[in-house]
Enquirer: 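I'd like to ask some things about the structure below.
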2 protein chains.
Amino acid sequence: MASKPFISAHDVAERAGVSRSAVSRTFTPGASVSAETRRRVLQAAEELGYHVNQLARGLMRRESGIVCLIVSDAATPYRSALLRELTIHLQNAGKVVMLINTDRSDDSVGNALRQAIRYQAEASIILSGLPDKSITQLCLKNGQRMVLINRDDDQPGPLRINLKDEEAGRRVALVFERAGCRTVAFANSEAGTPSLMARERGFVSAAKALGMEVCVERFGWTGYEAGKVLAHRLLTRAIRPEAVFCATDLLACGFMDAARLEFGLSVPEQLCLVGFDDIEQAAWESYKLTTFAQPLQAIANAAVSWLCDPQETDNLLHVSRLLLEPDLIWRRSVRGG
Amino acid sequence: MASKPFISAHDVAERAGVSRSAVSRTFTPGASVSAETRRRVLQAAEELGYHVNQLARGLMRRESGIVCLIVSDAATPYRSALLRELTIHLQNAGKVVMLINTDRSDDSVGNALRQAIRYQAEASIILSGLPDKSITQLCLKNGQRMVLINRDDDQPGPLRINLKDEEAGRRVALVFERAGCRTVAFANSEAGTPSLMARERGFVSAAKALGMEVCVERFGWTGYEAGKVLAHRLLTRAIRPEAVFCATDLLACGFMDAARLEFGLSVPEQLCLVGFDDIEQAAWESYKLTTFAQPLQAIANAAVSWLCDPQETDNLLHVSRLLLEPDLIWRRSVRGG
DNA sequence: TTGTAGGCGTTATCAC
DNA sequence: GTGATAACGCCTACAA
């Protein structure tokens with residue numbers, strides 16, 4: 001019994017007294033099987049505990065049903081929320097998700113993609129890092145679709161989903177002006193990813209255009225602790241900013257905590273704060289952070305429907321790009337509103 | 001070219017001027033190939049962009065390399081942290097993770113396991129819900145190993161990893177006594193999972209034994225909002241508890257926010273609070289929550305090493321159980337310490 | 001060390 | 001509608 005623990009279609013066919021093909025057809029949606037055969041096959045399968053072997057099926061059909069999710073820092077609130085949304089959409093589309101954790105290096109993304117190829121993944125969705133051009137080409141050549149979320153890359157082939165980060169930055173400048181702030185700041189991480197930099201760019205240029213005093217500070221990765229450090233740097237300046245736009249909610253939470261608890265500043269009376277991502281904690285009573293909501297549903301929906309529907313092949317050769325708009329969620333970290 | 005986008009070992013063999021088996025051996029660790037053949041194969045493979053097809057390899061070797069992670073509410077801080085740890089350990093062990101999101105129902109877990117079988121997963125790790133006995137048997141019969149984390153189940157076969165929840169509850173009662181609290185409470189969710197109930201049991205019995213006034217409130221799922229509701233219920237009682245043990249950090253955060261911001265209570269002076277999980281937010285300045293740290297590393301390590309090393313088969317027939325001890329992390333939500 | 005032959009479990013094709 | 005037969009891409013004896 002230990003020698004043959006796997007039940008194959010052959011076994012089912014034998015028990016049901018039909019041919020292997022009949023079994024196969026029974027489990028192939030839209031194949032023609034008589035009701036009687038079907039019934040007998042199903043019963044035999046049930047009794048034997050038979051399940052179709054997707055590895056073998058994928059081999060034949062040349063479609064594995066596997067979609068790779070490539071991500072680093074997956075335990076972060078924003079990332080895990082996006083991951084959840086993607087996973088759910090993918091499952092609803094009948095796909096199965098293979099999760100690959102990378103560190104922040106680009107070649108670890110390359111390794112992840114290589115694994116995706118080995119497992120004949122139908123598509124890869126990349127949430128962190130940026131693969132080498134040659135790898136991307138390799139994936140495409142292997143018939144794999146690719147989706148890049150919040151990555152900047154202008155190679156043709158992958159679908160790129162981005163947010164209007166620069167515009168968001170501009171909007172915040174306006175919001176601060178309406179709140180009566182004249183000297184403002186941008187708190188960024190050193191990660192230097194395109195979306196982070198775009199927010200900075202939009203904010204700084206708009207603030208300057210509005211005649212505000214604006215400064216920028218960058219430190220560490222985009223986490224809570226970095227936010228505290230950024231607060232120390234910005235709030236000890238000769239002229240203290242009245243409002244700061246944090247590149248990320250996590251930064252904003254750290255910033256707010258330091259501002260209140262260590263500098264005794266009250267938000268929003270003495271300091272206006274805006275974040276980005278709308279992580280769950282942004283809505284917590286201690287923060288009530290005004291922030292931009294990532295359109296997670298829209299992102300997941302776009303990604304999944306794009307890679308599922310077999311669109312025209314020539315379409316694939318073009319650069320496909322989707323630009324989504326984040327919603328500004330008003331809470332209580334900015335005056336007025 | 002669109003007709004044959006896949007490069008097979010056959011193509012590589014042709015280009016390298018060797019047989020298909022030589023190619024196969026080159027990519028099989030520990031097979032005997034001459035250095036020269038190996039070199040030529042590797043070169044041809046590189047030029048062609050060949051990658052071993054794991055689906056086909058898995059079919060032959062009867063080992064897919066796939067391990068399923070079955071989880072609901074994966075975006076929650078504790079769950080995502082555990083997920084990350086497991087994923088990393090699994091990857092380091094050369095496995096590839098298949099992520100399956102379930103809702104909280106047990107039959108959705110069953111479906112997930114069925115999928116695991118279809119993909120010939122070598123093992124499944126279950127973080128939420130509890131599969132039906134028959135499904136578990138089916139998995140085991142299909143040669144699949146199973147790990148249940150923080151689930152209660154006494155079927156033989158799966159490895160069960162649990163925490164000493166009841167003991168943790170008892171420890172908290174002692175901590176509260178040392179802080180000079182006489183009337184205490186346990187804030188729980190209605191989920192009623194074994195680990196949550198064990199914490200409650202341990203705490204309540206120990207508190208009673210210490211002669212304390214103890215009450216219990218249960219509401220909703222184990223999230224931030226539920227914590228706020230629980231605070232409302234417990235803090236409006238005729239005799240207000242001086243200390244409460246929350247079943248979860250998320251509950252504790254909600255509880256603390258409501259206590260401070262809506263009831264004007266100061267923690268820990270007027271109210272002592274202890275949580276469970278040690279999620280990242282528990283360390284944030286606004287909370288500084290005294291809590292139990294889940295031994296995530298130990299859990300992941302135990303799970304992965306158990307399902308990777310080919311231990312004796314008869315061992316599998318016994319109930320394997322691992323009982324881990326959570327560390328109490330002292331922060332500032334309890335007096336004394 | 002190397003090549004040949006057979007099989008893993010499935011589906012697609014084609015006669016019946 | 002049904003059953004043989006030939007793939008799919010790979011691995012593993014076995015013989016050379």
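Quantities reported herein were computed from a predicted structural model and do not represent experimental measurements. Order of the sequence lines fixes the chain letters, A, B, ..., with proteins taken first and strands second; residue numbering starts at 1 for each chain.
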Enquirer: Between B/I7 (CD1) and D/dC8 (P), how many Å, whole number?
Expert: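 For the pair B/I7 CD1 and D/dC8 P, the rounded distance is 15 Å.
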Enquirer: Between P on C/dC8 and CZ on A/F6, what's the gap in Å once rounded to a whole number?
Expert: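 Atom CZ in A/F6 sits about 13 Å away from atom P in C/dC8.
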Enquirer: Could you state the CG-P distance from B/L59 to D/dG9, rounded to the nearest angstrom?
Expert: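 So the two atoms are 13 Å apart, to the nearest Å.
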Enquirer: Does a salt bridge link A/D154 with A/R160, judged by any charged N lying under 4.0 Å from a carboxylate O?
Expert: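 A salt bridge is absent here (no side-chain N lies under 4.0 Å from a carboxylate O).
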Enquirer: Any side-chain N or O of A/S24 less than 4.0 Å from the OP1 or OP2 oxygen of C/dT10?
Expert: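 No, because none of the side-chain N or O atoms of A/S24 sits under 4.0 Å from OP1 or OP2 of C/dT10.
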Enquirer: Nearest to the side chain of A/A56, which nucleotide is it out of C/dC8, D/dC10, C/dT10?
Expert: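 Ranking C/dC8, D/dC10, C/dT10 by closest atom to the A/A56 side chain puts C/dT10 first.
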Enquirer: If you compare every side-chain N and O of A/Y119 against the phosphate oxygens of D/dG9 (OP1, OP2), does one of them come in below 4.0 Å?
Expert: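 The answer is no; no side-chain N or O of A/Y119 sits under 4.0 Å from OP1 or OP2.
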Enquirer: Whole angstrom is fine here: how far is it from CZ in A/R62 over to P in C/dA12?
Expert: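 Interatomic distance, CZ of A/R62 to P of C/dA12: 12 Å.
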Enquirer: Between the protein and nucleotides 2-4 of chain D, are there any N/O to N/O pairs under 3.5 Å, and if so, what are the atom names and distances?
Expert:
residue: D/dT2; atom: OP1; partner: A/S34; partner atom: OG; Å: 2.8
residue: D/dT2; atom: OP1; partner: A/T37; partner atom: OG1; Å: 2.3
residue: D/dT2; atom: OP2; partner: A/S34; partner atom: N; Å: 2.9
residue: D/dT2; atom: OP2; partner: A/S34; partner atom: OG; Å: 3.4
residue: D/dT2; atom: OP2; partner: A/T37; partner atom: OG1; Å: 3.1
residue: D/dG3; atom: OP2; partner: A/S19; partner atom: N; Å: 3.3
residue: D/dG3; atom: OP2; partner: A/S19; partner atom: OG; Å: 3.2
residue: D/dG3; atom: N7; partner: A/R25; partner atom: NH2; Å: 2.7
residue: D/dG3; atom: O6; partner: A/R25; partner atom: NH1; Å: 3.3
residue: D/dA4; atom: N7; partner: A/S21; partner atom: OG; Å: 3.4
residue: D/dA4; atom: N6; partner: A/S21; partner atom: OG; Å: 3.0

Enquirer: Do you know which of B/R61, B/K95, B/R62 makes salt bridge (charged side-chain N to carboxylate O under 4.0 Å, His left out) with B/E122?
Expert: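 For B/E122, the salt bridge (charged side-chain N to carboxylate O under 4.0 Å, His left out) check succeeds only for B/K95.
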Enquirer: What's the CE-C1' distance between B/M60 and D/dC8, to the nearest Å?
Expert: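 Checked: the CE to C1' distance equals 14 Å.
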Enquirer: Could you work out which one of D/dT12, C/dA12, C/dT10 sits closest to the side chain of A/R57?
Expert: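 Selected nucleotide (nearest to the side chain): C/dT10.
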Enquirer: Pick one: which of A/D106, A/L113, A/L138, A/D153 meets side-chain contact (heavy atoms from CB on, under 4.5 Å) with A/P131?
Expert: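 Result: among A/D106, A/L113, A/L138, A/D153, A/L113 is the only option passing the side-chain contact (heavy atoms from CB on, under 4.5 Å) with A/P131.
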Enquirer: Using whole Å, what does the distance between atom C1' of nucleotide D/dC10 and atom CD of B/E14 come to?
Expert: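 Value for this atom pair: 17 Å.
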Enquirer: Rounded to whole angstrom units, what separation is found between the CZ atom of A/R61 and the C1' atom of D/dA7?
Expert: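 It is 15 Å, rounded to the nearest whole Å.
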Enquirer: Other residues, nucleotides and ligands only: do more than 12 of their heavy atoms fall within 6.0 Å of CD on A/E46?
Expert: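 Not more than 12 within 6.0 Å, no.
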Enquirer: Check every strand shown and say whether B/F27 touches a base, only sugar-phosphate, or nothing at a heavy-atom separation below 4.0 Å.
Expert: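 Touches nothing.
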Enquirer: Could you go through B/H89 and B/Q297, starting from their C-alpha distance and side-chain angles, then the distance that decides it, and tell me whether this counts as side chain to side chain contact (heavy atoms under 4.5 Å, CB included)?
Expert: CA-CA 9 Å; B/H89 277 78; B/Q297 304 254 4; 4.0 Å; yes
Enquirer: Between P on D/dG9 and CG on A/L55, what's the gap in Å once rounded to a whole number?
Expert: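 Rounded to the whole Å, the gap is 14 Å.
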Enquirer: Without swapping roles, check the side chain of B/R20 against the backbone of B/A9 for a donor-acceptor pair under 3.5 Å.
Expert: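 Checked: no pair found.
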Enquirer: Hey, does the side chain of A/D73 reach the backbone of A/T76 with a donor-acceptor pair shorter than 3.5 angstrom?
Expert: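 No; zero donor-acceptor contacts below 3.5 Å.
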Enquirer: Looking only at side-chain atoms of B/N53, point me to the closest of C/dC8, D/dC10, C/dT11.
Expert: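 For B/N53, the side-chain atoms sit closest to D/dC10.
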